[in-house]
Amino acid sequence: MSRTNKAIIYYYWDNWSPHAYKNIRVPIILSIATLRAHNTYTPIYVLDCSTNLSNWRDLPQKLGFKVLHWKKSLPDYSKPWTDFLARMKDVNQFSHQISASEIIYCDSDVFWLKDPLPFNESPDLFCCDKFNNGFYYFDKTSTACQKFFE
């Protein structure tokens, strides 16, 4: 498949600091910068689930990514780890709003040493490391992947 058939999605929230551009606790800018050092062509989307709009300064333009304010599909709970529960559902939902069919999800603390493309395995099946869900990829048009999400 062509390069344009792919997209990279980050899922971001920080309800303590509105300054995404200098957040080192959730280092999404560093992750995107290291990715862009190896891959300048794949569209990147950031689903910003922060309660208030985050300040990204001019970094979306400089690094070539798009920020979308996104409401998590699951309600907030009293335990902080429950914020992670909505992530896979929201990434899948958002993937159906863009034209790319092959989707890469990446945590904000992933730092890139090389281009993640081409894939090591076919995205027709949901591809992830069984010990780490901070990086995965899938083909949103694959029946097997949609069954996985269901």
Side-chain angles (χ1 to χ4, degrees), residues 1-15 18 20-21 23 26-36 38-56 58-77 79-112 114-150:
M1 297 226 151
S2 72
R3 292 180 184 189
T4 59
N5 196 38
K6 296 169 178 51
I8 300 167
I9 300 173
Y10 284 85
Y11 194 79
Y12 176 86
W13 76 91
D14 189 340
N15 294 325
Y21 68 90
N23 190 335
V26 184
I28 190 168
I29 296 300
L30 295 174
S31 179
I32 292 172
T34 61
L35 175 58
R36 280 297 185 226
H38 304 287
N39 179 311
T40 59
Y41 52 87
T42 304
I44 298 173
Y45 300 92
V46 175
L47 303 182
D48 185 345
C49 301
S50 304
T51 304
N52 298 311
L53 288 175
S54 300
N55 183 348
W56 296 88
D58 60 350
L59 292 171
Q61 295 78 26
K62 285 185 175 180
L63 293 173
F65 64 95
K66 184 171 185 164
V67 178
L68 300 119
H69 196 63
W70 188 265
K71 183 173 171 28
K72 287 182 272 181
S73 60
L74 298 176
D76 289 327
Y77 295 97
K79 302 286 185 200
W81 55 266
T82 58
D83 283 330
F84 294 100
L85 295 175
R87 181 175 53 189
M88 287 183 85
K89 180 178 181 180
D90 290 343
V91 167
N92 184 44
Q93 276 183 339
F94 175 71
S95 75
H96 292 281
Q97 296 180 20
I98 57 177
S99 62
S101 61
E102 295 179 359
I103 306 299
I104 298 170
Y105 167 77
C106 177
D107 269 355
S108 62
D109 60 355
V110 171
F111 302 106
W112 298 91
K114 66 177 193 160
D115 191 343
L117 300 172
F119 293 136
N120 289 334
E121 302 291 332
S122 170
D124 292 341
L125 297 175
F126 186 87
C127 298
C128 69
D129 180 315
K130 64 182 177 180
F131 300 108
N132 178 5
N133 66 359
F135 172 81
Y136 60 83
Y137 57 92
F138 63 96
D139 184 333
K140 72 180 183 188
T141 66
S142 162
T143 303
C145 288
Q146 285 316 300
K147 283 184 181 180
F148 172 80
F149 281 108
E150 288 171 10

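Model, not experiment: these values are computed from the prediction.
For the residue pair Asp115 / Tyr41, a side-chain donor-acceptor distance below 3.5 Å is found, with atom types taken as modelled. Between the side chains of Asp124 and Ser142, no donor-acceptor pair of N or O atoms lies under 3.5 Å. A donor-acceptor pair shorter than 3.5 Å cannot be found between the side chains of Asn52 and Ser50.
Atom OG1 of Thr51 sits about 6.5 Å away from atom NZ of Lys72, to the nearest 0.5 Å. Expressed to the nearest 0.5 Å, how far CG of Leu47 lies from CD1 of Ile9 amounts to 6.0 Å. Here the OH-CG distance, from Tyr105 to Asn92, works out to 13.5 Å after rounding to the nearest 0.5 Å. Atoms CD1 and OH, from Ile98 and Tyr45 in turn, are 5.0 Å apart once rounded to the nearest 0.5 Å. Remark: Cys145 SG to Asp139 CG distance equals 6.5 Å, nearest 0.5 Å. Going from atom CG of Leu63 over to atom CG of Leu35 covers 9.5 Å, rounded to the nearest 0.5 Å.
Between Tyr12 and Trp56, the distance from one ring center to the other falls under 6.0 angstrom. Proximity of the aromatic rings of Tyr136 and Phe126 is defined here by a centroid distance below 6.0 angstrom, and this criterion is met.
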Evaluate the criterion side chain to side chain contact (heavy atoms under 4.5 Å, CB included) for residue pair Phe119 and Ile104; output intermediate values, then yes/no.
CA-CA 10 Å; Phe119 293 136; Ile104 298 170; 3.6 Å; yes
Please assess Arg36 against Lys62 for the test side chain to side chain contact (heavy atoms under 4.5 Å, CB included), listing each intermediate value before the final yes or no.
CA-CA 10 Å; Arg36 280 297 185 226; Lys62 285 185 175 180; over 6 Å; no
Run the numbers on Met88 and Phe138 for side chain to side chain contact (heavy atoms under 4.5 Å, CB included), then give the verdict.
CA-CA 11 Å; Met88 287 183 85; Phe138 63 96; over 6 Å; no
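For the pair Lys140 (side chain) and Phe94 (backbone), a donor-acceptor distance under 3.5 Å is absent.
Remark: Asp48 pairs with no residue by the salt bridge (Lys or Arg N to Asp or Glu O under 4.0 Å) rule, at least two apart or across chains. Applying the salt bridge (Lys or Arg N to Asp or Glu O under 4.0 Å) test to Asp107 and every residue at least two apart in sequence or in another chain returns Arg87. Applying the side chain to side chain donor-acceptor pair (under 3.5 Å) test to Gln93 and every residue at least two apart in sequence or in another chain returns nothing.
Residues Ser101 and Thr141 approach most closely at CB-CG2, 3.8 Å, considering heavy atoms. Shown here for Trp112 and Thr34, the closest heavy-atom pair between the two residues is N-OG1, 3.0 Å. Between Ser31 and Phe111, the shortest heavy-atom distance links the atoms N-CE2, 3.8 Å. Taking both residues in full, the closest heavy atoms of Lys89 and Ser73 are given as CD-OG, 3.4 Å, listed atom of the first, atom of the second, then distance. Minimum interatomic distance between Ser108 and Val26 (heavy atoms only, all atoms of both residues): OG-CG1, 3.2 Å.
The neighbour count for Asp129 CG, taken as heavy atoms of other residues, nucleotides or ligands under 6.0 Å away, is above 12.
Among Ile32, Val91, Val110, the single residue meeting the side chain to side chain contact (heavy atoms under 4.5 Å, CB included) criterion with Tyr10 is Ile32. With respect to Tyr137, the side chain to side chain contact (heavy atoms under 4.5 Å, CB included) criterion is satisfied by exactly one of Glu102, Glu121, Lys6: Glu121.
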